[in-house]
Every structure is written in C-alpha cells, then in structure tokens.
2 protein chains.
Amino acid sequence: MTKRPTLADVAALAGMSKTAVSLVLNDRPGSRLSADAVARIHEAARELNYRPNPAARSLRLGTTGTIGFISDEVTITRFASAMIRGLLDVADERDQGVLIAETGNHPKQLAKALEFMIDRQVDGIVFGSMAARLLDLPPLPESMRVVTANCASNAGDGTYASVLPAEHEAGRAMMRLLLEHGHGEGIGIIGSAPSAPADRRSSVTIGARFAGIDEALAEAGATPVAVVDVGSWEPWNGYAGTKQVLESGAPVTALLCLNDRVAFGAHQALGEHGLRVPDDVSIASFDDDEIASYLRPALTTARLPYEEMGRKAMELVLGPDEPGGEHLVEMPVQVRGSIRPLDRSSS
Amino acid sequence: MTKRPTLADVAALAGMSKTAVSLVLNDRPGSRLSADAVARIHEAARELNYRPNPAARSLRLGTTGTIGFISDEVTITRFASAMIRGLLDVADERDQGVLIAETGNHPKQLAKALEFMIDRQVDGIVFGSMAARLLDLPPLPESMRVVTANCASNAGDGTYASVLPAEHEAGRAMMRLLLEHGHGEGIGIIGSAPSAPADRRSSVTIGARFAGIDEALAEAGATPVAVVDVGSWEPWNGYAGTKQVLESGAPVTALLCLNDRVAFGAHQALGEHGLRVPDDVSIASFDDDEIASYLRPALTTARLPYEEMGRKAMELVLGPDEPGGEHLVEMPVQVRGSIRPLDRSSS
DNA sequence: CGTCAGTGCTAAAACCTTTCAGCCCCGAAG
DNA sequence: CTTCGGGGCTGAAAGGTTTTAGCACTGACG
C-alpha cells in the first residue's frame, strides 16, 4: 500500500497527457481523441485502479457530490428515523454522499451546522424536522439548493421547496372511515385541537388534519359526542383523557386518537374499564408508529410517510430543476383490526 | 454576495504574506511573528469573515475533519438510532463532520460505502450494527482508524477496537434482582436461548447475557420453573410463549423476558389470563425500548446503552491514541414498577 | 571587522484536478 | 504555392491551503 495513483500516474502509464486522461475519463463531449488513445487510457486507469481525488476535484469545481441533512432531531430520535432511510436510499442510487448534523432546536447549533455545510460546499441542503414546524432559516447563499422535509421555512416567498404529509386528506379519510362504519352517533376525539390554528410555528400541518376531520363530519352532518384536549400526545395523557371520557358517561362507540401513542393510552384505559377493542369500542389514529402493530388488535392508522418524504426531498434537491413549491405526500391508511362496523341493533 | 474571501485576501488586507496568515491563524508553535502582525492578521480575518476552504486544506493535508459512519441499519431503523445521537454529540463537540452510509447488510453495499469513505479521505470509520453481530470487513488502509460499535469484526487479531454492551453483568444483575425479591421458586424465562453459543456471527453478546443469567441462578442454587424458546423476539412471540407457560400450569411468580418487545407480549398474555403486573406476576426484561415506559406499570429493564456506545466509539476514533481492544459499556438497570417482592405468605 | 545567532518575515513548491488556449500536422481548397 | 480548417493532442494555469527553505536585518561576541 504505497500511495493512491493520481491522474499523472495514469497519464504516464498510458503515454498521454493529464489533459487527455481527464477528458477521456469524464468523457467530455467534443474532445476528439483517437479510439486507440481512449482504449489505452481506460486500460491504464483500470490497471492502476485509479479513483479521482474528490478533494482536488472539489477545489477545482466548487462542487462536492454531497448533500447536507440538517434536522432538529430526526436522526437522533426514533420517531422519524425512516426519513433518513428515504434520503439515503435516493442518495445512494445517485452516488451522492450525505453529511448530517442535528441542531436539537438550538438556533446556535443551526447556525453552526449551516456554516459547516456551506464551508464544505455541499451541493444542497435538506432540512428535516420531527414535528412539522416552521423553521427559522438564516439567509443562505443564492446558489444553494434547499428543500425542507416535514416542515416549512420562514421564507414566505416560496423560495424553498417543502415536502409535507397530506394531512387534510388523511384527517378526512380517517373520519370518513369511522362514519362509514356506522359510528356517526358515538365518536370521541382524543387529542388537543391546535390551540391557535394560525400558529404555523408550532405545527404547519396539524391544522390541516383537523380541517379534514371537520370537513368529513360536516359532510355527514355528524357531531362528536366527546372531544377531549389532552395536552401533549403521550400515552399517559391518552390514558387519562380516555378515562375522563368514559367516566363522563358519553356514549362512545369509536375513538379517533390524534396519534398512536395517545391511542395506546386509550387502549389501556378501555381495557381497565372492561371494554374490548373493537367489539365495544373502535379505535382509529394517526402516525403508524411502531406500537400500532404491537397492540392487540393492531391499530388502524394513517401513516406519516417519513420514508417517502425523505425520498421526495432528496429527489427534489438532486433533481434537474431548481426545487420549489409545496409537495404533499399521501398518508396511506393502514387498515388493521381496531375498527369494526357498528351493530345496528345496539343503536 | 461575491466570492468567499481566501487566505490571499486576508494577507493583502493585513499587508502580510499568505505564509504569515496561515501561520498565525493555525497558531503554529515556533513561528515568531511580531505581536503587531498577529493582531493585524486576526483583525483582517475577522473583518473579511474569513473561513478556510476545507477542500483546499484536505488536498494539502490529506485529512478532512470528517468521520464516516457505516452501519447495517442503525440510522435507518428506530431501535438503535440513539447510537447516532451519541456519535453526533461527540463529533459536534470536537467540530468534526459525520458522513453516513447504510449497507442493509449487503456486502456489495458495504464495499461501495467503504470505497466512498476512503475516497473522501475520512479520518476514521465507525462501524455500527443493530444486532451485535460479527462483521465481515474487507482489508482497510493501514492508517485508517476503525472502531466497531455494538458489533465485532472478523479481524481476529484485535486490530480494531470494539464497543459492546456489558451483557454478562446485565444478565447477572437482572436475575439477581428477581432472586433478591424472593422469586427463586417461580421464575420463568421467555426468549430463546442462543441456538449455538459459539455462533458469534449471529450475536456476539447474547451468549454473555445468558451466561450472566445462569451464573446468578447457580450462585443462588435456583432453577427456573419454565424456560420457553419463542424464536424471534417480537411481541406476538412473547405473547404466545407466555400463554404457553401459563397454560402449562407452571407456578410462575416472575418472568424474565429477553427483551422489552417480548415483555410487551407477555404483559398482554398475563392480562388476558386475569393476572396483574406486578401483584400476581413480576416482569423484568432487557433493552429499555420505547415501549418499556409506556406499559402500566412501566417495565423494569436493563438498558441497551446505544447512546453511550455511540459516544464511546466516536471518542475512541477521535481520541489521541490508536484505538484498540474491547470496551464494555455498562447496561444500567432501569428500576420501574413491574417487579415487587414476593409475599412470603403465598409460598 | 568578521562571524554568528536570533528575529521577523516571505517565495515558491506541493497537493490533484479541470480547462483554456494553442500547437503541429495533413489534406483540401483557392 | 499559400491558406485554411480540422483532427489529435498537450502545456500551463487555476483553485486555496500548508510548509520548507531561506532571505535580510540586527546586535553581540570574538
């Protein structure tokens, strides 16, 4: 193991100039070298197992074949890690590298990560977020390609492309599913309504989810028999909120939980009250978290399409066109055992 | 936004040579420049907001300030993603970048990722794995610093440092915990024994966990009243395995589950049999997975220290000394509500 | 006065690519 | 016989940094 072969080594072996080798290896159109020369160069490169030095290339070209991924906590927490899978898949297909950094929501960390990426001359940046928040981005170099995944940016002029889950559709679809199963008279909703629907900073998308739910209700002329605000969407809050509904005596036949963890808590509370899923109460929720499939019966839930958002974001940032606009990714409904048609006789 | 300032720009502004600027900015020991010159250079650099070009530096130095992280599925799946948190934390503290790639266990992908990292001249590589397997690594450049996290490599000569969870200790500790709570006469173990303890390729560490469990049993002269092999450690298998134990009529007072997902299934099976945790049956397990804290009562479990392993691995690869040897990271026991002392009267 | 040791600083090479500008030669057209 | 065009190829510069070797000067010492 001596030293990596360089362009000059290949040139020497092939008996040609560095220019010729570079031209051939990058098969530059318009450069006319004899077929013989081309063959000799390829042969020499193969023989030396030549691989170009990316640092030198970057220096000359100002381009790196690397995309930066900056997120609040995507890489770091388990919930959204599928997003990385999507990003990496696409990057790998196109032989691009991915440089990652996490900010933990500290603006200072964000600035540092950004500086780092720009210094390294990444060809583009994907910003990811766990909760679909509005991101405060400092001004970036004109030429930098930027896509935000599961979040939007403060650049209100639509400068940056954003990839978001189609929450409106999903909210509508889940509620309709419940209605179609005959639960119109006994629907409970577990999970807080967004405190200020216009507060895009805390969540860009949850408002849309609620709008979809409301739309489905309005279309059917139905009203929930219970709506409980549980604060943060954690299992213990779902448990408490559901308990509260049950103790109030509201005649629920189905629960729409705002995420799977809340649904998990609801499941526990139902169990303790001697109610069975789905025989006594149906449950529908959102996210398709890991636990959704662990429950017995497994949860019917609308999947947050992290992997697809990651793919889409990387495709946009690598794509031929300047990225821009809002891209919605479908939230597929995973139909499992937690919903059943309401027995007419019991109404 | 014109062009990034270069060393030459700083030199011109300070009225000094590029050499002087480089010397000062890297405060090279032994270079004697006048205090005045040093001040002028710093001032100029600050004024232009100069930041060195990493590509140029890499080209010259052959070093990149970047560590590669290659794993089978760590980044991609949720279970071990805390490992990345540890890696990134340390990297960030030391201003290092992290380049990631996933192999999905395909040797071809591994080769590609490796080639990529070597081309980019990363300063070191951390190999991670979800399941503590034995990794097949192709030969690497002599100078490359390598650490494996939650896995070992085939380089049997101990060339590469490895960071592993202290499974033996943890196995022993969990079993002792159960014994100390008076469950010596009624312990059931849910989860397969490793089919071939010597098969380091499928798991380098699970053997040690079982050895620890056995050691604690032997020390106390106790024998489990039931041991059930459930195949893969998933909730549904834990459920089935536990059901089998209960139906066999074995007088279990405590269940040691080989991971939290199995424990989750066990919890469900106990519930369906009208048994309560921990009043009727105690549960202990391993991993400290997300769901361990969702259960009611929450699970007492020995944590798989992914984050700490990530930290340790990055520290080793960045550390001053050539990494080497095996580094065990403690698996702390998270004591929660799922275990209670056995009522003497019931024995 | 010559030498010597510091002190303060710099020119230029090296790292490896890509690319602009241009060289030489040959055959064809004027 | 010149001019021209094009085919086949190359020299050298540029990109931004680090580092080696060494220059010019001053003051002290023999």
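Chain identifiers are assigned alphabetically (A, B, ...) following the order of the sequence lines, protein sequences preceding nucleic acid strands; residue numbering begins at 1 within each chain. Basis for what follows: all heavy atoms, side chains included, without hydrogens, waters or symmetry-related copies.
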Query raised in the report: Given atom CD1 of A:Ile41 and atom C1' of D:dT10, what is their separation to the nearest angstrom?
Result: 12 Å
Query - Over all atoms of both residues, closest heavy-atom pair of A:Val98 and A:Thr66 - result: N-CG2, 4.4 Å
Requested in this report: Quickly work out the A:Leu59 CG to C:dA14 P distance and round it to whole Å.
Outcome: 17 Å
Report summary line: Comparing nearest nucleotides in DNA chain C, the 5'-proximal residue of the pair B:Ala56, B:Ser17 is B:Ser17
Query raised in the report: If you take all heavy atoms of B:Met144 and B:Asp123, which pair is closest and at what distance?
Result: SD-C, 4.3 Å
Report task. Could you check how far CD of B:Gln121 sits from P of C:dT17, rounded to whole Å? Result -> 10 Å
Report task. Whole angstrom is fine here: how far is it from CZ in B:Arg57 over to C1' in C:dC16? Result -> 18 Å
Each nucleotide N or O in nucleotides 19-23 of chain C that has a protein N or O under 3.5 Å away: list the pair and distance.
{"from": "C:dT19", "atom 1": "O4'", "to": "A:Arg60", "atom 2": "NH1", "distance (Å)": "3.4"}
{"from": "C:dT19", "atom 1": "O4", "to": "A:Thr19", "atom 2": "OG1", "distance (Å)": "2.9"}

Query raised in the report: Which nucleotide, C:dC9, C:dT17, D:dC9, lies nearest any side-chain atom of A:Met16?
Result: D:dC9
Report task. Any chance you could measure B:Thr19, atom OG1, to B:Leu7, atom CG, to the nearest 0.5 Å? Result -> 8.5 Å
Query raised in the report: For A:Arg4 and C:dC15, what is the distance between atoms CZ and P respectively, to the nearest whole Å?
Result: 15 Å
Query raised in the report: Can you tell me how far C1' of D:dG7 sits from CG of A:Asp36, to the nearest Å?
Result: 15 Å
Query raised in the report: Hey, does the side chain of B:Ser34 come within less than 4.0 Å of C:dC9's phosphate (OP1/OP2), counting only N and O?
Result: yes
Requested in this report: Round to the nearest Å and state the distance from A:Leu33 atom CG to D:dG6 atom C1'.
Outcome: 14 Å
Query - Short side-chain N/O contact from B:Tyr50 to OP1 or OP2 of D:dT17, under 4.0 Å - result: yes
Requested in this report: Indicate yes or no: does B:Arg311 engage B:Glu308 in a salt bridge with an N to O separation below 4.0 Å.
Outcome: no
Query raised in the report: What is the nucleic acid contact for B:Ala37, judged by heavy atoms within less than 4.0 Å: base, sugar-phosphate only, or nothing?
Result: sugar-phosphate
Query raised in the report: Between B:Arg4 and B:Asp9, is there a salt bridge with N-O shorter than 4.0 Å?
Result: no
**Report entry** A:Ser71 versus A:Glu102, side-chain donor and acceptor atoms under 3.5 Å
**Finding:** yes
Query raised in the report: So, B:Arg145 side chain and B:Gly319 main chain: donor-acceptor pair closer than 3.5 Å or not?
Result: yes
Requested in this report: Mind calculating the distance between CG (B:Leu7) and P (C:dT10) to the nearest angstrom?
Outcome: 12 Å
